Amino acid sequence: MTDNNQNLSYEPLPGQERYVAPLDETPLQDVDKVDESAPASSMWSDAWRTLRKNPLFIVSGILIVFIIFIALFPGVFTKLDPKYCNLDNSLAEPEAGHPFGYDFQGCDVFARTIYGTRTSLSVGLLTTIIVVIIGTLIGAIAGFFGGWVDAVLSRIIDIFYSIPFLLGAIVVLQMFRTSSSIWKVVFVLALFGWVSTARIARGSVMEAKNLEFNTASTALGSTPMRNLFSHIIPNALAPIIVIGTTSLGSFIVSEATLSFLGLGLPTTVVSWGGDISQAQVNLMTNPMVLFYPSVALAITVLSFIMMGDAVKDALDPKSRTA
């Protein structure tokens, strides 16, 4: 039986012959060949190449640079004092040198809109920096050590997460209403704004600590804390940067909302939220006084949201919708 099977051979029917090209005509080595002369690539360099080709990033980047320039050098756009008011000019129409007209107190609306950029942008940037630092540290420690440390920190995160953001800020600001400072608003917004960053950082660190580079670093004698701060957190920063960029616009809106309610920045500080709050009295008779700071606020927030979406697409291609 075995001999008969060994003598059997397959003979293809007509039309079933198979052609195999000679090896020298199919240089397979060129298919898998790596260009060793090409520069080394990383996630950040790949993300930058993607961002440079993204129209959303270009438009938002131009707007953000322009907004930052206004905040740093408001004197380039107007020589007027935003705090100088003359009741004789109350709700006066636009004129030469005063393109936006005057508000109810007789202040120049254009000057206050320009100088309000610095205040609103400062609150957003400072709050974002504090939120990213606190949220990243708490989330990274919880995700890296796990066990009872993760359980305790996760319950603290859940407690703060259950508190409505604006409601909590309003309550705390009402308690310390006698204190008038931009730092008060920044710290209150950061007090309730770090939770989302911490949750993102925790999940990202839990994913990164199981990768091969952490195991190799531990095998070479690296301590857990060194692994955390030198290897794991830098490799878990991508989603943290995304949520930080997006949250910046939300913090600017939150400051404007609190100032609109009279609980945010003091009236002596020029801000978009304060101007919008004062302009609501004349909304029916002179809506343009409210229109200009509202448009400036909307453009700024939209710019940072667009930037966040572009960065998200570059750092996390799986999240792209198109």
Side-chain angles (χ1 to χ4, degrees), residues 62-128 166 169-170 173 177 179-186 188-189 248-305:
I62 293 174
L63 288 174
I64 290 175
V65 170
F66 181 67
I67 293 169
I68 294 176
F69 183 82
I70 293 176
L72 294 176
F73 308 103
V76 175
F77 301 90
T78 179
K79 302 298 182 182
L80 299 175
D81 184 359
K83 297 182 180 180
Y84 174 77
C85 305
N86 188 351
L87 288 176
D88 294 335
N89 297 324
S90 179
L91 299 177
E93 297 294 329
E95 58 184 11
H98 307 276
F100 292 172
Y102 300 86
D103 62 8
F104 184 73
Q105 299 294 329
C107 306
D108 184 77
V109 176
F110 179 75
R112 293 186 67 85
T113 303
I114 292 296
Y115 277 88
T117 307
R118 174 181 295 178
T119 303
S120 298
L121 195 62
S122 299
V123 172
L125 287 174
L126 292 173
T127 305
T128 301
L166 279 178
I170 290 173
L173 287 174
R177 196 166 184 175
S179 176
S180 299
S181 172
I182 187 175
W183 286 103
K184 177 187 69 174
V185 178
V186 170
V188 169
L189 292 177
L248 196 152
S250 301
F251 292 135
I252 294 176
V253 172
S254 300
E255 178 274 320
T257 303
L258 294 173
S259 298
F260 178 81
L261 297 174
L263 298 172
L265 299 175
T267 56
T268 55
V269 177
V270 180
S271 68
W272 292 332
D275 288 350
I276 293 173
S277 177
Q278 296 175 11
Q280 65 176 328
V281 180
N282 308 105
L283 178 61
M284 300 300 296
T285 58
N286 199 333
M288 299 307 293
V289 177
L290 183 142
F291 175 77
Y292 295 115
S294 300
V295 170
L297 175 65
I299 292 176
T300 302
V301 174
L302 180 62
S303 300
F304 282 102
I305 292 177

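Scope of the values below: all heavy atoms of this structure, side chains included, with no hydrogens, waters or symmetry mates. Since this is a predicted model, take the numbers as computed values, not measurements.
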Indicate every side-chain donor-acceptor pair of residues 287-298 with a distance under 3.5 Å to a residue at least two apart or in another chain.
{"unit_1": "S294", "atom_1": "OG", "unit_2": "L290", "atom_2": "O", "d": "2.7"}

N/O donor-acceptor pairs under 3.5 Å from side chains in residues 69-78, not counting sequence neighbours:
{"unit_1": "T78", "atom_1": "OG1", "unit_2": "L80", "atom_2": "N", "d": "3.2"}

Show me the side-chain donor-acceptor pairs of residues 108-116 shorter than 3.5 Å, one per line, residues at least two apart or across chains.
{"unit_1": "D108", "atom_1": "OD1", "unit_2": "H98", "atom_2": "ND1", "d": "2.7"}
{"unit_1": "D108", "atom_1": "OD2", "unit_2": "F110", "atom_2": "N", "d": "3.3"}
{"unit_1": "D108", "atom_1": "OD2", "unit_2": "A111", "atom_2": "N", "d": "2.7"}
{"unit_1": "R112", "atom_1": "NE", "unit_2": "D275", "atom_2": "OD1", "d": "3.0"}
{"unit_1": "R112", "atom_1": "NE", "unit_2": "D275", "atom_2": "OD2", "d": "3.4"}
{"unit_1": "R112", "atom_1": "NH1", "unit_2": "P82", "atom_2": "O", "d": "3.0"}
{"unit_1": "R112", "atom_1": "NH2", "unit_2": "D275", "atom_2": "OD1", "d": "2.9"}
{"unit_1": "T113", "atom_1": "OG1", "unit_2": "V109", "atom_2": "O", "d": "2.8"}

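Listed here is the closest heavy atom pair of G124 and I252: CA-CG1, 3.9 Å. Of all non-hydrogen atoms in G249 and V301, the two that sit nearest each other are O-CG2, 3.7 Å. Nearest approach of V185 to G264, heavy atoms of both residues: CG2-C, 3.7 Å. Closest heavy-atom contact between V270 and T119: O-OG1, 2.7 Å.
Remark: E95 engages Y102 in a side chain to side chain donor-acceptor pair (under 3.5 Å) (not counting sequence neighbours). When the side chain to side chain donor-acceptor pair (under 3.5 Å) test is applied to S259, the partners found at least two apart in sequence or on another chain are E255. Every residue two or more places apart in sequence or in another chain that forms a side chain to side chain contact (heavy atoms under 4.5 Å, CB included) with L126 is listed here: W183, V186. L125 meets the side chain to side chain contact (heavy atoms under 4.5 Å, CB included) test with L121, L248; sequence neighbours excluded. Remark: L302 engages M306 in a side chain to side chain contact (heavy atoms under 4.5 Å, CB included) (not counting sequence neighbours).
Contacts classified as salt bridge (Lys or Arg N to Asp or Glu O under 4.0 Å) and involving residues 278-302 (residues at least two apart or in different chains) are not found. Legend: salt bridge (Lys or Arg N to Asp or Glu O under 4.0 Å) pairs involving residues 67-86, not counting sequence neighbours: none detected. Contacts classified as disulfide (SG to SG under 2.5 Å) and involving residues 87-122 (residues at least two apart or in different chains) are given here: C85-C107. Under the salt bridge (Lys or Arg N to Asp or Glu O under 4.0 Å) criterion, no residue pair touches residues 113-122, with sequence neighbours excluded.
Counting heavy atoms from C-beta on, the side chains of F251 and T128 come closer than 4.5 Å. In this structure the side chain of V269 never reaches within 4.5 angstrom of the side chain of I182, judged on heavy atoms.
Atom OG in S254 sits 5.0 Å away from atom CG in L166 (nearest 0.5 Å). One finds the OG atom of S120 at 10.5 Å from the CD1 atom of I67 (value rounded to the nearest 0.5 Å). Remark: L265 CG to S271 OG distance equals 5.0 Å, nearest 0.5 Å. Within the model, atoms CD1 of I68 and CG of L63 stand 11.0 Å from one another, a figure rounded to the nearest 0.5 Å.
Distance alone, capped at 3.5 Å, places no donor-acceptor pair between the N89 side chain and the A92 backbone.
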